[in-house]
Amino acid sequence: MPAVSKGDGMRGLAVFISDIRNCKSKEAEIKRINKELANIRSKFKGDKALDGYSKKKYVCKLLFIFLLGHDIDFGHMEAVNLLSSNKYTEKQIGYLFISVLVNSNSELIRLINNAIKNDLSSRNPTFMCLALHCIANVGSREMAEAFAGEIPRILVAGDTMDSVKQSAALCLLRLYKTCPDLVLMGEWTSRVVHLLNDQHMGVVTAAISLITCLSQKNPDEFKTCVSLAVSRLSRIVSSASTDLQDYTYYFVPAPWLSCKLLRLLQCYPPPEDGAVKGRLVECLETILNKAQEPPKSKKVQHSNAKNAILFEAIALIIHYDSEPNLLVRACNQLGQFLQHRETNLRYLALESMCTLASSEFSHEAVKTHIETVINALKTERDVSVRQRAADLLYAMCDRSNAKQIVAEMLSYLETADYSIREEMVLKVAILAEKYAVDYSWYVDTILNLIRIAGDYVSEEVWYRVIQIVINRDDVQGYAAKTVFEALQAPACHENMVKVGGYILGEFGNLIAGDPRSSPLVQFNLLHSKFHLCSVPTRALLLSAYIKFINLFPETKSTIQEVLRCDSQIRNSDVELQQRAVEYLKLSSIASTDVLATVLEEMPPFPERESSILAKLKKKKGPGAVSVELEDGKREGGELNGGGERGDTPAMSASNASTPSPSADLLGLRPAPAVGSAPPSVGSLLVDVFSEGPAAASAGVNDDGFLSSAPPPAASEEPAPPLPEAEDLLNKFVCKNNGVLFENQLLQIGIKSEYRQNLGRMYLFYGNKTSVQFVSFSTAVSCPGELPTQLNLQTKTVEPLIEGGAQVQQVVNIECLTDFIDAPLLNIKFRYGGALQNITLKLPVTINKFFQPTEMVSQEFFQRWKQLSQPQQEAQKIFKSGHGIDTEVVKAKLLGLGTALLENVDPNPENFVCAGVIQTKGQQVGCLLRLEPNAQAQPGEQMYRLTLRSSKDTVSKRICDLLSEQF
């Protein structure tokens with residue numbers, strides 16, 4: 001880099017900065033700045049042409065004023081003029097001003113691009129580096145379009161200097177992250193990969209960052225990098241600290257490059273070439289061996305560099321999960337760190353061992369450290385380390401140690417930090433259920449859990465214990481006895497009352513023979529808690545009382561007196577009042593047989609996986625932002641006991657009653673707003689689409705929904721849809737839940753459900769940063785003719801999202817007629833003062849309104865022949881992108897929304913489906929036939945997809961959507 005001469009000191013700038021620092025007040029500072037701005041403006045507008053030095057000085061002052069937080073609305077052209085200077089310092093200041101102040105949408109971009117082109121073609125390495133730095137800093141789409149083809153050529157050219165190659169690699173990485181569709185490596189791929197063999201270590205370090213990013217998106221194109229990365233890693237690991245003197249950091253050779261190489265290898269499976277794999281295993285063994293050697297320096301920088309490489313190596317060993325010897329060695333090495341004096345090392349060791357615990361090769365080795373982990377849970381000062389210890393106990397738990405681990409977790413819960421209690425409760429509940437052999441132990445554990453941490457026991461937990469008790473006859477009597485004893489405590493948590501009310505209402509007769517738990521004693525015990533409980537719990541207790549009348553006729557008069565009192569039948573809460581009136585009437589007029597039929601014991605719950613796992617997944621992740629919505633991803637396999645239930649326990653006593661807001665165990669329905677009418681029985685969707693004028697007009701309706709998009713918070717127009725918006729939309733054609741969009745700032749998750757022509761979508765906006773999002777607003781719009789085809793209503797979102805927080809937005813959808821386009825979702829917010837403007841396509845496609853239709857073979861083909869008009873059929877023949885997997889194809893077709901018809905097509909390899917698309921105006925029947933060519937060689941397998949429907953636009957649209965899924 002050229003040295004700065006004495007003449008470049010810019011005394012006027014130094015004096016101005018000194019004046020600003022000497023200002024005694026904010027007003028004095030603003031006055032001095034305004035004076036300087038007026039002077040600079042007059043100089044720029046004056047008749048006398050300024051020399052390069054003066055322009056540089058004034059542009060520097062403007063830059064300093066901007067960095068103080070003041071707006072600058074002139075001087076941009078002078079900065080652009082500096083780019084044409086042949087002096088390094090003047091060109092440097094010009095590029096610095098542009099990088100900081102010029103907006104990517106500025107009208108000057110074309111002039112700037114011309115100056116950058118001149119510098120890139122100048123072959124002056126200093127000027128080339130300045131130009132590349134500017135491209136990377138601005139990173140606009142216009143710059144990517146202008147230079148995405150030029151920079152790879154500079155990167156791989158033989159006569160390019162090493163410093164320029166480094167800048168080119170990092171500049172290309174920035175453009176690829178910003179506009180991946182514009183950075184097409186193509187012919188440059190192999191030459192970029194071979195930069196891993198470059199003699200200059202700085203070039204290799206920069207290139208590997210680019211290759212790692214490219215490999216994550218296009219692994220097949222860059223798979224040749226594996227052997228080169230292993231070769232380079234081997235040379236570094238086997239070298240002495242003196243061999244790479246310029247790149248040795250505190251006696252550790254090239255630590256940053258080593259970590260990057262190990263991270264690159266984690267993008268690929270273990271090498272298939274035996275020689276390459278053997279060399280890699282040798283490298284990993286060497287790294288593990290070096291970790292055991294005495295340190296060559298006592299300085300913390302040495303241990304940090306050494307441990308960074310070690311942890312990346314262990315991460316690669318865990319990723320491969322194929323070398324038992326290395327896995328066990330890694331576990332033993334991490335075990336030594338569990339008692340290290342450095343807190344960060346203990347944290348990282350616990351975190352890595354959590355992953356090791358899931359491997360069949362290293363699970364037993366991890367279990368040997370159980371006492372150390374339990375001790376860490378009890379004695380660690382740092383709450384984050386204690387949380388990782390709890391995670392590791394959860395991961396290493398199996399049938400052999402479940403009782404010990406659950407007992408330790410329960411013991412820790414009594415003194416645990418409030419921030420991790422809810423997660424600990426979920427983990428204890430899952431482990432107790434998963435590894436319960438003796439269900440009396442399970443009941444004891446859950447009741448103890450409620451006693452210790454009742455405030456953190458979510459509804460999913462106590463729902464689950466009810467389901468398991470109902471499904472297992474052998475534990476019902478014990479559960480009734482245990483919960484009766486727990487309710488006798490003077491201070492009893494409300495969740496315990498809920499469990500007690502339900503279990504005694506169902507199985508109180510199993511302990512009624514004991515005088516100490518006679519029917520009247522049970523009733524009095526429950527009713528003594530009644531006045532202390534919330535409305536939903538009181539509603540449950542009233543249902544338990546009517547169950548008592550059926551189980552114990554001798555309690556009828558006592559319970560009727562309770563139901564008859566004014567505090568019940570004249571209760572201000574409509575739910576309690578309705579239950580009291582209905583139950584009183586039911587007990588008075590119904591015969592014993594009718595009462596026994598209406599209030600019979602609850603049937604077993606259907607076998608299904610636990611909802612507690614989903615609850616735990618939502619709690620995980622940094623800042624609890626990430627929302628795990630993918631279907632079918634479960635932890636730990638099937639759990640013991642029954643499954644989820646569509647109604648809250650004890651609600652079936654009276655079908656005429658309105659369910660409470662907690663009646664949805666599936667987690668699909670939000671609780672109604674205070675004062676709004678609850679949804680009707682059996683309906684997951686609240687129909688907010690009324691025919692009246694209120695729904696048709698803009699503004700907020702009774703449900704708090706906006707029937708038209710709110711005005712944007714910022715003055716800028718919504719950005720055009722992202723280039724990848726169509727691909728993101730296609731990801732959701734065959735599924736309703738998942739992550740729609742994610743970048744370094746924001747994550748948008750979706751959870752949706754559809755019934756007939758109505759749909760409801762939940763959008764989750766997660767702030768992944770530690771900084772607030774301000775002026776946060778969203779707008780859903782319908783382009784073209786879509787407003788006449790879809791009716792959308794949205795709820796407004798909070799304008800402020802704290803760092804690490806998440807907000808939810810509800811969108812209600814009504815399909816009026818068939819459609820092709822998708823609604824647009826525009827998100828605007830300010831992050832660090834900069835406006836973020838993102839537009840996506842909302843994944844609402846016509847197939848979401850399918851109702852599956854079952855048919856026999858004769859009926860199907862009869863209907864198939866009826867739809868024989870050319871315009872009623874759409875057909876595509878296309879190549880399989882991922883091979884032909886029967887189970888995957890079936891899952892996609894079911895996810896489309898149709899019924900998959902078995903034994904209908906004469907060819908058993910073909911797939912046949914039927915469904916009806918429900919719109920407000922009409923129903924459109926659809927038949928589908930998918931014919932795979934599975935016998936062809938891999939890579940040449942094809943599909944033929946044929947769609948027939950009573951409407952030509954529907955056939956074509958569904959054919960286009962489905963063909964993109966294979």
Side-chain angles (χ1 to χ4, degrees), residues 212 216 258-270 280-281 283-285 287-288 291 307-340 342-374 376-377 380 382 384-398 400-402 405 409 420 423-424 426-427 430-431 434-435 613 616-622 624 626 628 630 633-637:
T212 301
Q216 289 169 347
S258 300
C259 288
K260 289 185 176 186
L261 287 165
L262 290 164
R263 207 165 290 162
L264 172 61
L265 292 170
Q266 291 174 45
C267 298
Y268 291 92
L280 178 57
V281 170
C283 288
L284 294 172
E285 287 178 340
I287 292 170
L288 291 174
N307 290 331
I309 298 171
L310 174 63
F311 276 104
E312 282 299 339
I314 290 173
L316 181 60
I317 292 168
I318 294 170
H319 170 72
Y320 285 165
D321 196 20
S322 59
E323 296 291 331
N325 181 43
L326 287 177
L327 284 163
V328 172
R329 284 195 62 186
C331 181
N332 293 336
Q333 180 63 51
L334 293 171
Q336 295 176 20
F337 287 143
L338 291 180
Q339 294 178 312
H340 199 279
E342 179 61 45
T343 305
N344 288 337
L345 277 181
R346 296 198 300 274
Y347 178 94
L348 291 171
L350 289 165
E351 190 174 48
S352 298
M353 287 185 84
C354 282
T355 316
L356 275 174
S358 61
S359 170
E360 60 177 314
F361 301 118
S362 53
H363 183 76
E364 291 300 321
V366 171
K367 282 167 58 180
T368 60
H369 300 284
I370 186 170
E371 295 300 333
T372 308
V373 179
I374 289 172
L377 185 68
E380 278 289 349
D382 193 311
S384 61
V385 182
R386 293 200 296 275
Q387 188 165 1
R388 292 288 82 79
D391 290 343
L392 180 52
L393 284 175
Y394 176 77
M396 70 167 63
C397 189
D398 58 21
S400 65
N401 57 17
I405 287 176
M409 283 185 157
I420 64 172
E423 190 177 319
M424 289 282 293
L426 292 172
K427 286 178 175 175
I430 291 168
L431 294 179
K434 185 176 180 181
Y435 299 114
L613 286 171
L616 178 62
K617 286 183 180 183
K618 288 184 181 181
K619 290 293 295 175
K620 298 300 288 176
S626 179
E628 292 290 346
E630 293 289 344
K633 292 182 181 178
R634 305 288 186 203
E635 293 180 15

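- Atom SG in Cys283 sits 11.5 Å away from atom CG in Leu288 (nearest 0.5 Å).
- The two residues Ala402 and Cys397 make their nearest non-hydrogen contact at CA-SG, 3.5 Å.
- To the nearest 0.5 angstrom, Ile287 atom CD1 is 8.5 Å from Leu316 atom CG.
- To the nearest 0.5 Å, atom CD of residue Glu312 and atom CG of residue Leu264 are 11.5 Å apart.
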- Task: Could you walk me through whether Leu393 and Ile370 pass side chain to side chain contact (heavy atoms under 4.5 Å, CB included), step by step?
- Result: CA-CA 7 Å; Leu393 284 175; Ile370 186 170; 4.2 Å; yes
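- The two residues Arg346 and Leu338 come nearest to each other via the heavy atoms CD-O, 3.3 Å.
- Taking each heavy atom of His369 and Cys331 in turn, the nearest pair found is NE2-O, 3.9 Å.
- Partners of Tyr320 under the ring-ring contact (aromatic ring centres under 6.0 Å, His included) rule, at least two apart in sequence or in another chain, do not exist in this structure.
- Taken from NE2 in His319 to CD1 in Ile317, the straight-line distance is 12.5 Å, to the nearest 0.5 Å.
- A salt bridge links Lys367 to Asp398: at least one charged side-chain nitrogen sits closer than 4.0 Å to a carboxylate oxygen.
- Here the CD-CZ distance, from Glu351 to Phe311, works out to 9.0 Å after rounding to the nearest 0.5 Å.
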- Given the rule in the side chain to side chain contact (heavy atoms under 4.5 Å, CB included) test, do Phe337 and Leu310 qualify, once you have shown the distances and angles that lead to the verdict? CA-CA 12 Å; Phe337 287 143; Leu310 174 63; 3.4 Å; yes
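- Distance check: Phe361 CZ to Ser322 OG gives 7.5 Å after rounding to the nearest 0.5 Å.
- The backbone N or O of Ala357 sits less than 3.5 Å from a side-chain atom of His363, completing a donor-acceptor pair.
- With a 6.0 Å radius and a threshold of 12 heavy atoms from other residues, nucleotides or ligands, Glu342 has its CD atom above the threshold.
- Taking 4.5 Å as the limit, some side-chain heavy atom of Glu285 sits within range of a side-chain heavy atom of Arg329.
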- Message: Go through it in stages, so that I can follow the logic: the residues are Ile318 and Ser359, the test is side chain to side chain contact (heavy atoms under 4.5 Å, CB included), and I'd like the CA-CA distance, side-chain angles, deciding distance and then a yes or no.
- Response: CA-CA 8 Å; Ile318 294 170; Ser359 170; over 6 Å; no
- Does the pair Leu392 and Val366 meet the rule for a side chain to side chain contact (heavy atoms under 4.5 Å, CB included), with working shown? CA-CA 9 Å; Leu392 180 52; Val366 171; 4.0 Å; yes
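- Taking 4.5 Å as the limit, every side-chain heavy atom of Arg388 sits out of range of all side-chain heavy atoms of Glu380.
- The heavy-atom pair separating Ala389 from Val373 by the smallest distance is O-CG1, 3.5 Å.
- Closest approach of Arg386 and Ala376 over heavy atoms only: CG-O, 4.1 Å.
- Of all non-hydrogen atoms in Gly335 and Met353, the two that sit nearest each other are N-SD, 4.3 Å.
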